[in-house]
Amino acid sequence: MTGGTLSGNKVRKLEFLFADAIDQGCKHVCTVGGIQSNHCRAVAVAARQLGLVPHLLLHTNATSPSDIGCDGNVLLNRMCGARMYIVPRPSPYITEMRPRQERLAEIIKQQTGESTYLIPVGGSNKEGLFGYISVFQELQTQGVLENFDDIVFTCGSGGTAAGLSIANYLTGSTLRCHGFVVCEDDVYFYNHIQETLEDVGLPHVNARDIVDIVTGYKGKGYSISADEELSFITDVSIQSGILLDPTYTGKAAFGMVQELSSNPGRFKGDRILFLHTGGVFGLFDGRMNSLLKTTYSETDNIKMWPVKTCDPS
Ligand SMILES: *Cc1c(COP(=O)(O)O)cnc(C)c1O
């Protein structure tokens with residue numbers, strides 16, 4: 001339970017990253033992500049809660065400020081007065097985004113004399129890592145983990161995967177960890193986790209031994225949805241009242257269900273914990289609308305009932 005507008009997994013990492021920012025006396029914070037990034041929205045909200053100014057570098061194909069609209073996470077960014085900078089995509093972090101973050105920090109310093117804290121994509125570095133180490137600890141102390149054999153989660157920038165699998169390793173590897181990728185590929189995530197292991201002094205541990213990175217369910221690409229994925233999301237909400245999002249948890253849960261029937265041996269047991277990492281505002285970016293109005297009759301369950309003495313039609 002991470003509250004309304006901060007909802008999701010990024011706030012776990014931000015707890016540690018913002019502590020570091022405040023420790024360093026920064027008055028501004030700058031991060032990067034896709035236009036509908038949950039991470040960027042969580043940074044915007046948390047920054048305002050703590051009295052810092054949020055700066056977001058957002059990659060999108062938009063060619064003018066008016067193109068980015070006002071939907072989903074963008075609405076919340078606007079309501080927090082986040083300073084948004086539109087960057088063409090694709091824009092790799094190290095070569096394209098990090099240099100812009102550094103340049104922006106220089107400009108802010110020149111103009112205001114104030115320092116800017118730079119947060120990498122997804123908040124997935126060694127400070128952010130502790131967010132998901134502490135999630136694992138909560139699952140353990142609340143007695144949740146003992147009821148499960150496997151834990152399944154989404155991989156977007158790899159911080160959730162790194163935190164959970166390193167915590168699981170450090171506490172005796174009782175569970176098997178499976179990260180379902182929604183962008184990049186398995187090599188990218190194994191490398192990210194390996195680098196994190198090295199950053200925290202565990203270079204002798206092999207990332208491939210502590211986590212199973214599952215590919216094949218990215219679908220049409222990062223943040224692009226197929227109708228079958230959107231229908232799956234609606235099936236889940238109709239059956240359970242649980243809302244998955246189209247970019248992250250929807251794809252991972254869809255992949256998990258397929259993998260459970262095509263490749264059950266991949267899992268250690270049949271008690272599987274799917275970790276819901278948030279993302280609800282992604283449902284409001286317009287992608288769901290076409291499906292809800294046309295192809296999916298269960299959600300088009302609306303009848304007119306103007307006169308009380310007649311039946312609805
Ligand atoms: C960012 C995000 C993820 C992926 O987590 P990482 O730690 O970046 O791999 C999963 N689900 C949601 C809803 C997210 O916003």
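Whatever order the structure lists them in is the order used to number ligands and atoms, beginning at 1.
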Inset, instruction - Answer yes or no: is there a donor N or O on one side and an acceptor on the other, between the side chain of Gln36 and the main chain of Asn73, under 3.5 Å? - result: yes
Legend entry - Identified side chain to side chain contact (heavy atoms under 4.5 Å, CB included) counterpart of Cys40 within the set Ile119, Val121, Leu58: Leu58
Legend entry - Heavy-atom nearest neighbour in the protein, as seen from atom 10 (C) of ligand 1, with distance rounded to 0.1 Å: Thr277 OG1, 3.1 Å
Legend entry - Side-chain heavy atoms of Phe18 within contact of Leu52, under 4.5 Å: yes
Inset, instruction - Measure the distances from the heavy atoms of Gly122 to every atom of ligand 1 and state whether one is below 4.0 angstrom. - result: no
Legend entry - cation_pi(Lys10, Tyr248) dist<6.0 Å, angle<=45: yes
Legend entry - Protein heavy-atom partner closest to atom 4 (C) of ligand 1 - residue, atom, separation in Å: Gly156 N, 3.4 Å
Inset, instruction - Answer yes or no on whether Arg98 is positioned over the face of Tyr93, meaning its NZ or CZ is under 6.0 Å from the six-membered ring centre and within 45° of the axis. - result: no
Inset, instruction - With heavy atoms under 4.0 Å as the rule, classify the contact between Asn38 and ligand 1 as side chain, backbone, both or neither. - result: side chain
Inset, instruction - May I ask you to identify, for Lys13, whether its side chain, its backbone, both or neither come under 4.0 Å of ligand 1 on a heavy-atom basis? - result: side chain
Inset, instruction - For ligand 1, note which part of Val182 has a heavy atom under 4.0 Å away: side chain, backbone, both or neither. - result: neither
Legend entry - Minimum-distance protein heavy atom relative to atom 5 (O) of ligand 1: Asn9 ND2, 3.0 Å
Inset, instruction - Would you check whether Thr249 has a nitrogen or oxygen atom less than 3.5 angstrom from a nitrogen or oxygen atom of ligand 1? - result: no
Legend entry - Nearest protein heavy atom with distance in Å, relative to atom 1 (C) of ligand 1: Lys10 NZ, 1.5 Å
Legend entry - Sidechain N-carboxylate O distance under 4.0 Å for Lys126, Glu198: no
Legend entry - Heavy-atom gap Cys155 to ligand 1 smaller than 4.0 Å: yes
Inset, instruction - Give yes or no for whether the N/O distance cutoff of 3.5 Å, strictly under, is met between Gly159 and ligand 1. - result: yes
Inset, instruction - For Arg287 and Ser223, indicate whether the former's side chain and the latter's backbone hold a donor-acceptor pair under 3.5 Å. - result: yes
Inset, instruction - Give yes if a backbone or side-chain nitrogen or oxygen of Ser157 is under 3.5 Å from a nitrogen or oxygen of ligand 1, and no if not. - result: yes
Legend entry - Contacting atoms of ligand 1, where contact means under 4.0 angstrom from a heavy atom of Gly279: 13 (C)
Legend entry - Test item, Gly8 contacting ligand 1 (heavy atom, 4.0 angstrom): no
Which donor-acceptor pairs under 3.5 Å do side chains of residues 143-152 form with protein atoms, sequence neighbours excluded?
| unit_1 | atom_1 | unit_2 | atom_2 | d |
| --- | --- | --- | --- | --- |
| Asn147 | ND2 | Gly143 | O | 3.4 |
| Asp149 | OD1 | Arg271 | NE | 3.4 |
| Asp149 | OD1 | Arg271 | NH2 | 2.9 |
| Asp149 | OD2 | Asp270 | N | 3.3 |
| Asp149 | OD2 | Arg271 | N | 3.0 |
| Asp149 | OD2 | Arg271 | NE | 3.3 |
| Asp150 | OD1 | Lys268 | N | 3.0 |
| Asp150 | OD1 | Gly269 | N | 2.9 |
| Asp150 | OD2 | His178 | NE2 | 2.7 |
| Asp150 | OD2 | Lys268 | N | 2.7 |

Legend entry - Pair Glu106 + Lys109, salt bridge at N-O below 4.0 Å: no
